[in-house]
Structure formats: C-alpha cells, structure tokens
**Student:** 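Submitted below is the structure of interest, expressed as structure tokens.
When a residue number appears, it is its place in the shown sequence, counting from 1.
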Amino acid sequence: MTTTADTVGHGPLAGVRVVELAGIGPGPFAAMLLADLGADVVRVDRPGGPSLGIDPAHDVTNRNKRSVLVDLKAADGPARVLDLAAHADVLIEGNRPGVAERLGVGPQACHARNPRLVYGRMTGWGQDGPLAQRAGHDIAYIALTGTLGMIGAPGTPPPAPANLLGDYAGGSLYLVVGVLAALHHARATGTGQVVDAAIVDGTAHLSAMIHGMLSAGGWQDRRAANLLDGGCPYYGTYETADGGHMAVGALEPRFYDEFVRLLGLDGFDDARTDWTRWGELREAVAARFASRTREEWTARFEGTDACVAPVLSLREAPHHPHLAARGTFTDHGGITQPAPAPRFSATPTTVRGGPARPGADTAAVARDWDVPRLAGPREHQLPDPHRKASP
C-alpha cells in the first residue's frame, strides 16, 4: 500500500468547480469521483448532518472535498447556495423530483444565475414516470430492471449485492459520465443543461450485452443457466477445505485446458462444450477444490493462465501482492481505502485530503469562490482550518 500526502492541484479536473448538495449514497460517491479527479468540490451540508449514521471522519466518500454549512430552509439559505452556483461549473443534487425547486435551488433558479451550469440530478426512479415520487433504495431499483433477478442460485431468493450494482455502477458512474459530457458541451457552446441520472436507467443500460444475448437465443431468462451467471461449471466460485473460496473464469479453450490440468481432472477435456456433462463436471470440480485449502490452491494456480483467483475479504484485499504493487489501495489519515481511479499519465490523481467535516471550510470557500454572503455574519463563522494564525 502507498501513503499519500496532502497536496493540491492534482488531476485532470483541476480548476473545475462543483457544488454538491449533501445526501447519501450515489450522489456523494459521484462527487467524490469528481473530487478525486481534481475538481474543487464544495459539499453543502445541512445543520444536523445526513442520516447515514457514520462518523464523518470515516466517510471516505467525502474525501478530497470541502464543506460549508447552509440551512436551505432558512430565509437566506437558497440565496447562499445560488451564490455558489453562480461561480460553479457543476451542481449535483439527489433529492426527490421537485424538492430542489421547492427549496429555491432547482435548475431554473440556478441557470438564471449561471446559464453555463451543468445541473446533475441523481435519483433512483428518475425525474418522471409513475414511481418518480416513490421512496426506494438500491435493491428496489435493480429489482425492476431484471438485473437483480439474474443473480443467485435457482430456488433461493436473489442475494443483495451490497449497493454496488445500483447506487454506484448504475447511478454514480452514469451521473459522472453525463456530467462530464454536459460539461464538454457547455464549454463548447456556453450553454448548460440538466443531467437526469436514474439508477433504473443506468442499471438497465449495464445489461445491454445480456439483452443482446437474450435476443439471439444465447441467454436463458432464468438464474444459474448461462455462461456468466453461475450456470457454467468453469465460471463461478467453489469452497475450499478451510472454508475459503476460489473464483474460476476459465472460459476460453486454452484457459479451460490449463484449468482442468492443474486441478488434476481427467476425462473432462470435451466437457467444456457439452452442457449435458456440466453437472458431472461441477461435482468433480467442487470435490477437487474441497480437498485443499485456499492457500494451497492459490499456490497451485499461481503464475498460470487458468484464470483462477482466491476470493479475498475487504481487509485481505489491500495486502495482495498485485494490488499492493499497483497501489490500488492507499492509507490516508489512518483509513485504508481504494486509491483514486482511473490513472492519468500527465495529470496524476491522489487523495489530497480526508473526509470533509460538515461546515469546516465555510470561511475558506467564501473567500476562494468570492461569495461573502456564504459565510454570513463574522460572529457566526466557523474557524478556517486552512488559515494560519497571525504571529
């Protein structure tokens, strides 16, 4: 693992200003990604904080950001956010449709102050449709798209895949792609726009290849019956003698041949394409993996092209030799966390600062963005942690 120092000006988005209206889930993660890429992300926190229930000092999704405290329900709250929007390139919000408008910081009000602004909206159901006003979380959104129904063994309920598939893959990443595309358009034309990023849309989009296979007859619309959903015995996971697991992805013929050879299986050379033997092959593979520990199998497949890897835990992953050599994880402020991704040859990224503390940067942002009304009366300003004391 690598250890980073606090630095400024790193990343290809250096100079881009982003306002994030505080929320939980995919919105903060999207803003973190923009911050990781070098943008100056100012998070507008509300008094009392979010309802995530995590110590703000450990909320890694707020790293590389700065925080100001604004009560949008106060008389001067909307005006202070609009002052920020006037100086920003991007604004991100994750409220239910219509809430930002009722608070006075919706797209129309922001574009009246800044026509070039990219206004990113992050929701589960989208800005319109019968469910737009319905509450929900990741698992409900992906349930309707068909993607949740692809996961797990037949005869059992589909397992919850944390909130990675919906919130972050189908939500945050699509919001970031949309924001960057709209930012490119705004810089070329001088015109901003609204980006409607819905988790249902993004998650459905992720299944594009599967829908193509389904149309072509190459995918069955049921679980564990296909090449990539656990139905194939040489693409899945197996338990080892010590209760660990190994992941197998030996799809191509030469990888499969290497896999069965190293596993010590005879008589299964032709079983790769004979699905009538897949049950027999699965039982043989399971029995072999159950005969040794995860460490022993890891050593057996080390340095080969059999496409087999140990299934590591979150605490184990940072210590894997490959991930350690690449610096895939980093330590900052005593927290082990994923390093910024992807990587850039000319504008490298880094973890420049730990999680923003709510309101800690109000005075500094008011000065740097030239929005004096943000800070309010001097007697109500929070101390500026970035300013050195006078001698």
Side-chain angles (χ1 to χ4, degrees), residues 1-23 26-45 56 58-68 84-85 87-94 114 116-120 122 168-169 171-188 192 195 197 318 323-333 335-357 360-361 364-365 367-370 385-386:
M1 295 182 288
T2 59
T3 302
T4 62
D6 287 337
T7 56
V8 295
H10 285 266
L13 293 185
V16 173
R17 288 179 169 179
V18 179
V19 175
E20 174 200 352
L21 302 188
F29 187 88
M32 180 204 75
L33 181 50
L34 295 173
D36 283 354
L37 298 180
D40 181 8
V41 176
V42 172
R43 177 178 168 94
V44 179
D45 279 298
H58 292 269
D59 188 355
V60 173
T61 63
N62 285 328
R63 72 186 185 192
N64 287 339
K65 303 177 184 178
R66 298 194 285 176
S67 171
V68 301
L84 284 170
H87 291 78
D89 300 291
V90 177
L91 184 144
I92 290 175
E93 64 96 5
N114 181 359
R116 301 171 62 92
L117 182 72
V118 173
Y119 195 102
M122 182 74 259
Y168 297 145
S172 304
L173 297 185
Y174 278 86
L175 176 60
V176 169
V177 168
V179 161
L180 294 180
L183 182 60
H184 174 75
H185 175 266
R187 290 187 165 179
V195 177
L323 303 185
R326 283 186 57 81
T328 299
F329 292 86
T330 186
D331 287 335
H332 189 282
I335 302 175
T336 299
Q337 56 196 279
R343 305 180 184 200
F344 301 86
S345 61
T347 54
T349 59
T350 186
V351 178
R352 306 183 304 279
R357 305 298 182 94
D361 307 289
V365 173
R367 180 185 69 246
D368 297 344
W369 284 37
D370 192 23
H386 303 289

**Student:** Can you tell me how far the CG atom of Asp361 sits from the CG atom of Asp368, to the nearest 0.5 Å?
**Tutor:** 9.5 Å
**Student:** Distance from Asp45 atom CG to Arg43 atom CZ, nearest 0.5 Å?
**Tutor:**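 Here the rounded value is 4.5 Å.
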**Student:** Can you name the closest pair of heavy atoms from Met122 and Ser172 and give their distance?
**Tutor:**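 What the structure gives for the nearest pair is SD-N, 4.1 Å.
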**Student:** A side-chain contact here means heavy atoms from C-beta on lying under 4.5 Å apart; do Pro12 and Thr349 qualify?
**Tutor:**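 In contact.
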**Student:** Side chains of Thr328 and Pro338: does their closest heavy-atom pair fall under 4.5 Å?
**Tutor:**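 Result no, sub-4.5 Å side-chain heavy-atom pair not found.
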**Student:** Is the backbone of Gly353 close enough, under 3.5 Å, to the side chain of Asn64 for a donor and an acceptor to pair up by distance?
**Tutor:**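 Answer holds: yes.
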**Student:** Checking His184 now: which residues fulfil side-chain contact (heavy atoms from CB on, under 4.5 Å) with it, not counting sequence neighbours?
**Tutor:**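 So His184 forms no side-chain contact (heavy atoms from CB on, under 4.5 Å) with any residue.
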**Student:** Test of understanding: with salt bridge (charged side-chain N to carboxylate O under 4.0 Å, His left out), list the residues that count as partners of Arg63, not counting sequence neighbours.
**Tutor:** Asp36
**Student:** Show your working on side-chain contact (heavy atoms from CB on, under 4.5 Å) between Phe29 and Leu175 and close with a plain yes or no.
**Tutor:** CA-CA 10 Å; Phe29 187 88; Leu175 176 60; over 6 Å; no
**Student:** What pair of heavy atoms forms the shortest contact from Ala88 to Leu117, and how long is it?
**Tutor:**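 Here Ala88 and Leu117 meet closest at O-CD1, 3.8 Å.
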**Student:** Flag the pair Pro355 / His58 as yes when at least one side-chain heavy-atom distance between them is below 4.5 Å, and no otherwise.
**Tutor:**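 Contact flag for Pro355/His58 side chains = no.
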**Student:** Which pair of heavy atoms, one from Phe329 and one from Pro318, lies closest together, and at what distance?
**Tutor:**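 Heavy atoms of Phe329 and Pro318 come nearest at CD1-CA, 3.6 Å.
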**Student:** Determine the minimum heavy-atom distance between Ala339 and Gly327, stating which atoms define it.
**Tutor:**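 Ala339 and Gly327 have their closest heavy atoms at CB-O, 3.4 Å.
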**Student:** At their closest point, which heavy atom of Trp369 faces which heavy atom of His87, and how far apart are they?
**Tutor:** O-CD2, 3.2 Å
**Student:** Any side-chain heavy atom of Leu173 within less than 4.5 Å of one from Leu33?
**Tutor:**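 Yes; the side chains approach each other to less than 4.5 Å.
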**Student:** Measuring from atom OH of Tyr168 to atom OG1 of Thr61, what distance do you get when rounded to the nearest 0.5 angstrom?
**Tutor:**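 With rounding to 0.5 Å, OH (Tyr168) is 6.0 Å from OG1 (Thr61).
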**Student:** How long is the straight-line distance from NE2 of His10 back to CZ of Arg352, given to the nearest 0.5 Å?
**Tutor:** 8.5 Å
**Student:** Which of these passes side-chain contact (heavy atoms from CB on, under 4.5 Å) with Leu91: Val179, Val42, Val19?
**Tutor:** Val19
**Student:** Given side-chain contact (heavy atoms from CB on, under 4.5 Å), test Val118 with Asp89 step by step and report yes or no.
**Tutor:** CA-CA 6 Å; Val118 173; Asp89 300 291; over 6 Å; no
**Student:** Taking side-chain contact (heavy atoms from CB on, under 4.5 Å) as the test, write out the residues that go with Arg116, two or more places apart.
**Tutor:** Asn114, Arg187
**Student:** Taking salt bridge (charged side-chain N to carboxylate O under 4.0 Å, His left out) as the test, write out the residues that go with Asp40, two or more places apart.
**Tutor:**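 With neighbours one apart ignored, the set is Arg66.
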**Student:** With Asp370, which residues qualify under salt bridge (charged side-chain N to carboxylate O under 4.0 Å, His left out), at least two apart?
**Tutor:** none
**Student:** Look up atom CG in Asn62 and atom OG in Ser67, then write down how far apart they are to the nearest 0.5 Å.
**Tutor:** 7.5 Å
**Student:** Working to the nearest 0.5 Å, report the span between CD of Gln337 and CE of Met32.
**Tutor:**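 Answer for the CD-CE pair, Gln337 versus Met32, is 8.5 Å.
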**Student:** Under the side-chain contact (heavy atoms from CB on, under 4.5 Å) test, which residues partner Ala39, sequence neighbours left out?
**Tutor:** Leu13, Val16, Val18, Leu34, Val41
